[in-house]
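Everything numeric in this text was worked out from a predicted model, so none of it was measured.
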Amino acid sequence: MKYVNFEDTGDTISDEFFMKEALKEAHKALAGDEVPIGAVIVHGGRIIGRGHNLTERLNDVTAHAEMQAFTAAANYIGGKYLVGCTLYVTVEPCVMCAGAAYWTQISRIVFGAKDPKRGFSLFGSGLLHPKTTVINGILGEECAALVTSFFRNKRTE
């Protein structure tokens, strides 16, 4: 078990830097013929959890990038609450992942591309913990292009 100090460390690595790390995870999903969504969880300027979609590989509809990252981060810190942490995810979380984020009490969610069909924001902000802040649009065009290209290629196969 790791002991994590959840006090503000003052680290100021940019949101773009960590979104690029989430994009690396999305590319891992793409290489596995999964919907290319990636996520990382950061505390104090350090990545403590990573994940990418594994729904096809694991035959598990809940194996979203965010869920993988939540599990990895919780295992890293030895606890289920992610107060003081930030989730970076390439596409807006779905309702299931937003609900899981609520239970982790994660402090921030930063996402790249909006999901106009299944994103949690379609259902209001009540799905997230009241203390969770949300930032969107970080490298949004790049994140959206990756998913759009994936589905375009699937339609032509």
Residue pair [X] / [Y]: nearest heavy atoms and the distance that separates them:
X	Y	answer
Gly140	Ala113	O-CB, 3.9 Å
Ala29	Val35	CB-O, 3.6 Å
His43	Gly84	CD2-O, 3.2 Å
Ile135	Arg108	CD1-NH2, 2.9 Å
Asn53	Ala65	OD1-N, 2.9 Å
Glu66	Leu87	CG-CD2, 4.0 Å

Worksheet item: Where the side chain of Thr132 meets the backbone of Leu128, is there a donor-acceptor pair that is under 3.5 Å apart?
Response: no
Calculate, to the nearest 0.5 Å, the distance between atoms [atom1] and [atom2] belonging to [X] and [Y] respectively.
X	Y	atom1	atom2	result
Ser107	Leu82	OG	CG	8.5 Å
Leu58	Gln68	CG	CD	6.5 Å
Asn136	Glu92	CG	CD	7.5 Å
Glu34	Arg57	CD	CZ	8.5 Å
Cys94	Leu122	SG	CG	11.5 Å
Ile109	Cys97	CD1	SG	9.5 Å

Are any non-hydrogen side-chain atoms of [X] and [Y] less than 4.5 angstrom apart?
X	Y	value
Val83	Ile106	no
Thr55	Val61	no
Ile48	Val42	no
Leu127	Tyr102	no
Val110	Phe18	no

Cluster overlap [X] with [Y], hydrophobic side-chain contacts below 4.5 Å:
X	Y	answer
Tyr81	Trp103	no
Val40	Tyr76	yes
Leu139	Ile41	yes

Are side-chain N/O atoms of Thr104 and Lys80 paired as donor and acceptor at under 3.5 Å?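 There is no such pair (donor and acceptor under 3.5 Å, judged by atom type) between the side chains of Thr104 and Lys80.
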* To do: For Arg50, check salt bridge (charged side-chain N to carboxylate O under 4.0 Å, His left out) against everything at least two apart and list the hits.
  =>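 Arg50: salt bridge (charged side-chain N to carboxylate O under 4.0 Å, His left out) contacts with Glu21, Glu25.
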The criterion is salt bridge (charged side-chain N to carboxylate O under 4.0 Å, His left out); which residues satisfy it with Lys20, sequence neighbours excluded?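 Lys20: no salt bridge (charged side-chain N to carboxylate O under 4.0 Å, His left out) contacts found.
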_Can you classify the ring geometry of Phe120 versus Phe111 as parallel (below 30°), tilted (30 to 60°) or perpendicular (above 60°)?_
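Aromatic pair Phe120/Phe111 classed perpendicular.
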message: Please enumerate all residues that pass side-chain contact (heavy atoms from CB on, under 4.5 Å) together with Lys154, with sequence neighbours excluded.
response: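 Residues passing side-chain contact (heavy atoms from CB on, under 4.5 Å) with Lys154: Asp33, Phe150, Glu157.
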### Message
For Met67 and His64: C-alpha separation, side-chain torsions, deciding distance, then whether side chain to side chain contact (heavy atoms under 4.5 Å, CB included) applies.
### Response
CA-CA 5 Å; Met67 303 299 268; His64 290 194; 4.2 Å; yes
Evaluation steps, side chain to side chain contact (heavy atoms under 4.5 Å, CB included), between His52 and Ile37: CA-CA 6 Å; His52 56 274; Ile37 298 174; over 6 Å; no
Can you tell me which residue among Leu30, Thr90, Val91 is in a side-chain contact (heavy atoms from CB on, under 4.5 Å) with Leu146?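 For Leu146, the side-chain contact (heavy atoms from CB on, under 4.5 Å) check succeeds only for Leu30.
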> Is it true that atom CG of Asn153 has more than 12 heavy atoms of other residues, nucleotides or ligands lying nearer than 6.0 Å?
Replying inline: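 Atom CG in Asn153 is crowded, with more than 12 foreign heavy atoms closer than 6.0 Å.
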